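Side chains included, hydrogens not; waters and symmetry mates left out as well; all remaining heavy atoms used. This is a predicted model, so every value here is computed, not measured. A, B, ... follow the sequence lines: proteins, then strands. Residue 1 opens every chain.
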Protein chains: 2
Amino acid sequence: MNNLDLGALIKDHRKKAGLTQLELANLAGVGKTTVFDIEKNKETVRLNNLFAVLRVLNIKVEFKSPLTK
Amino acid sequence: MNNLDLGALIKDHRKKAGLTQLELANLAGVGKTTVFDIEKNKETVRLNNLFAVLRVLNIKVEFKSPLTK
DNA sequence: AATTAATTACTGCTAAAACGGTAAAACTTA
DNA sequence: TAAGTTTTACCGTTTTAGCAGTAATTAATT
């Protein structure tokens, strides 16, 4: 369940960090294609690759449920 | 960056829902191996499969950053 | 303790993610 | 408009996640 457009969120953060997709890909240690795919909300990407990108952009992930809280 | 043990979180929620790994896998439309892997924090799982499992267990995902607020 | 259920741990196979390379659009800036 | 940059798109190749099946541990029930 995705709150909002994750791809757009990442793109926005990347822009604000002054990075190109290729630079972000290199920093995250993934291929440029993966960054493209993530920004286009391709959900078949692997979790580790997404996490690597989020780490570079300083974006944290939280999981919440009626029980969790 | 993972707050805490996502695998444990999912396992806990599955238990509380009274589901076996196989049942959860079927409900989520993924193979049992995938559920095993997720609960063992194998980060190479695909995002769509993780989301499918989270959806069944009613766990939401949030992304936060200094910018996001 | 014995039986059942559930989880973990292999297996081989297949589909597809990830990758780099290239090329062509879409924006920028001079 | 032209040159440069960035993004998108496509294409082969390689790697591997996902899968069902099976078997072997582990946990729970009686």
Side-chain angles (χ1 to χ4, degrees):
Chain A
M1 293 256 175
N2 208 341
N3 283 1
L4 230 131
D5 201 339
L6 175 59
L9 177 73
I10 289 179
K11 184 170 190 169
D12 182 59
H13 278 70
R14 173 175 63 77
K15 290 284 191 186
K16 281 171 179 162
L19 297 171
T20 68
Q21 291 184 335
L22 183 57
E23 288 169 337
L24 175 55
N26 290 336
L27 284 172
V30 302
K32 58 184 169 40
T33 311
T34 301
V35 173
F36 299 155
D37 290 345
I38 290 176
E39 292 193 354
K40 295 206 93 181
N41 290 314
K42 203 174 162 211
E43 288 196 344
T44 46
V45 293
R46 291 179 198 160
L47 200 59
N48 57 336
N49 287 335
L50 173 62
F51 280 174
V53 169
L54 292 177
R55 203 175 301 124
V56 171
L57 297 177
N58 222 12
I59 302 174
K60 305 248 179 306
V61 187
E62 274 186 27
F63 301 97
K64 291 194 176 180
S65 81
L67 298 172
T68 306
K69 175 26 192 345
Chain B
M1 284 281 158
N2 208 342
N3 283 0
L4 231 134
D5 202 339
L6 175 59
L9 177 73
I10 289 178
K11 184 169 190 169
D12 181 58
H13 278 70
R14 173 176 64 78
K15 290 284 191 187
K16 282 172 179 162
L19 296 172
T20 69
Q21 292 183 335
L22 183 57
E23 287 169 336
L24 175 54
N26 290 337
L27 284 172
V30 303
K32 57 182 170 40
T33 311
T34 301
V35 173
F36 298 155
D37 290 345
I38 290 176
E39 292 193 354
K40 295 206 93 181
N41 291 314
K42 201 172 161 212
E43 289 196 344
T44 46
V45 293
R46 291 180 199 159
L47 202 57
N48 58 335
N49 287 334
L50 173 61
F51 280 172
V53 169
L54 292 177
R55 202 174 302 124
V56 171
L57 296 176
N58 222 11
I59 301 174
K60 305 248 179 306
V61 187
E62 273 186 28
F63 301 97
K64 289 194 176 182
S65 82
L67 298 172
T68 307
K69 180 2 197 11

Starting at atom CG of A:Leu24, determine the distance to atom C1' of C:dA18, rounded to an integer number of angstrom.
16 Å
Does a side-chain heavy-atom distance below 4.5 Å link B:Asn58 with A:Pro66?
yes
Close side-chain approach of B:Leu54 and B:Ile10, heavy atoms under 4.5 Å
yes
Does A:Asn41 reach the main-chain N or O of A:Gly7 with its side chain, forming a donor-acceptor pair under 3.5 Å?
yes
State which residues pass salt bridge (Lys or Arg N to Asp or Glu O under 4.0 Å) with B:Arg46; sequence neighbours excluded, sorted by chain then number.
none
N or O in side chain of A:Asn49 less than 4.0 angstrom from C:dA18 OP1/OP2
yes
Can you tell me if the side-chain N/O atoms of A:Thr33 get under 4.0 Å from OP1 or OP2 in C:dC19?
no
Interatomic distance, A:Lys32 NZ vs C:dA23 P [rounded to whole Å]
13 Å
Every protein N/O within reach of nucleotides 27-30 of chain C N/O, cut-off under 3.5 Å:
none

Applying salt bridge (Lys or Arg N to Asp or Glu O under 4.0 Å) to B:Lys40 and not counting sequence neighbours gives none
My understanding is that only one of B:Arg14, B:Lys16, B:Lys15 makes a salt bridge (charged side-chain N to carboxylate O under 4.0 Å, His left out) with B:Asp12; could you say which?
B:Lys16
How many angstroms lie between CG in A:Leu6 and CZ in B:Phe51, if you round to the nearest 0.5 Å?
6.5 Å
Would A:Phe36 end up clustered with B:Leu47 when hydrophobic side chains under 4.5 Å apart are linked, directly or stepwise?
no
Between atom CG in A:Asp37 and atom P in C:dA16, what is the gap in whole Å?
15 Å
Would you kindly give the NZ-to-P distance between B:Lys42 and C:dA17, to the nearest whole Å?
16 Å
What residues 11-22 of chain A contributes to the DNA chain D interface at heavy-atom separation below 4.0 Å is A:Lys11, A:Arg14, A:Lys15, A:Thr20, A:Gln21
Of all nucleotides in DNA chain D with an atom under 4.0 Å from a non-hydrogen atom of chain A, which is the first and which the last going 5' to 3'?
D:dT6 to D:dA17
Round to a whole Å and report the spacing from CD of A:Glu43 to P of C:dA18.
13 Å
Give, for atom OG1 of A:Thr44 and atom CD1 of A:Ile38, the distance between the pair rounded to the nearest 0.5 Å.
10.0 Å
Taking the side chain as C-beta and beyond, is there a heavy-atom pair between A:Leu50 and A:Val61 under 4.5 Å?
no
Review item, side-chain donor-acceptor pairs of residues 18-32 of chain A, under 3.5 Å, at least two apart:
| from | atom 1 | to | atom 2 | distance (Å) |
| --- | --- | --- | --- | --- |
| A:Thr20 | OG1 | A:Leu22 | N | 3.4 |
| A:Thr20 | OG1 | A:Glu23 | N | 3.1 |
| A:Gln21 | NE2 | A:Glu39 | OE1 | 2.6 |
| A:Glu23 | OE1 | A:Thr20 | N | 2.9 |
| A:Asn26 | ND2 | A:Leu22 | O | 3.4 |

Can you tell me if B:Lys40 touches the phosphate of C:dA9, counting only side-chain N or O atoms and a distance under 4.0 Å to OP1 or OP2?
yes
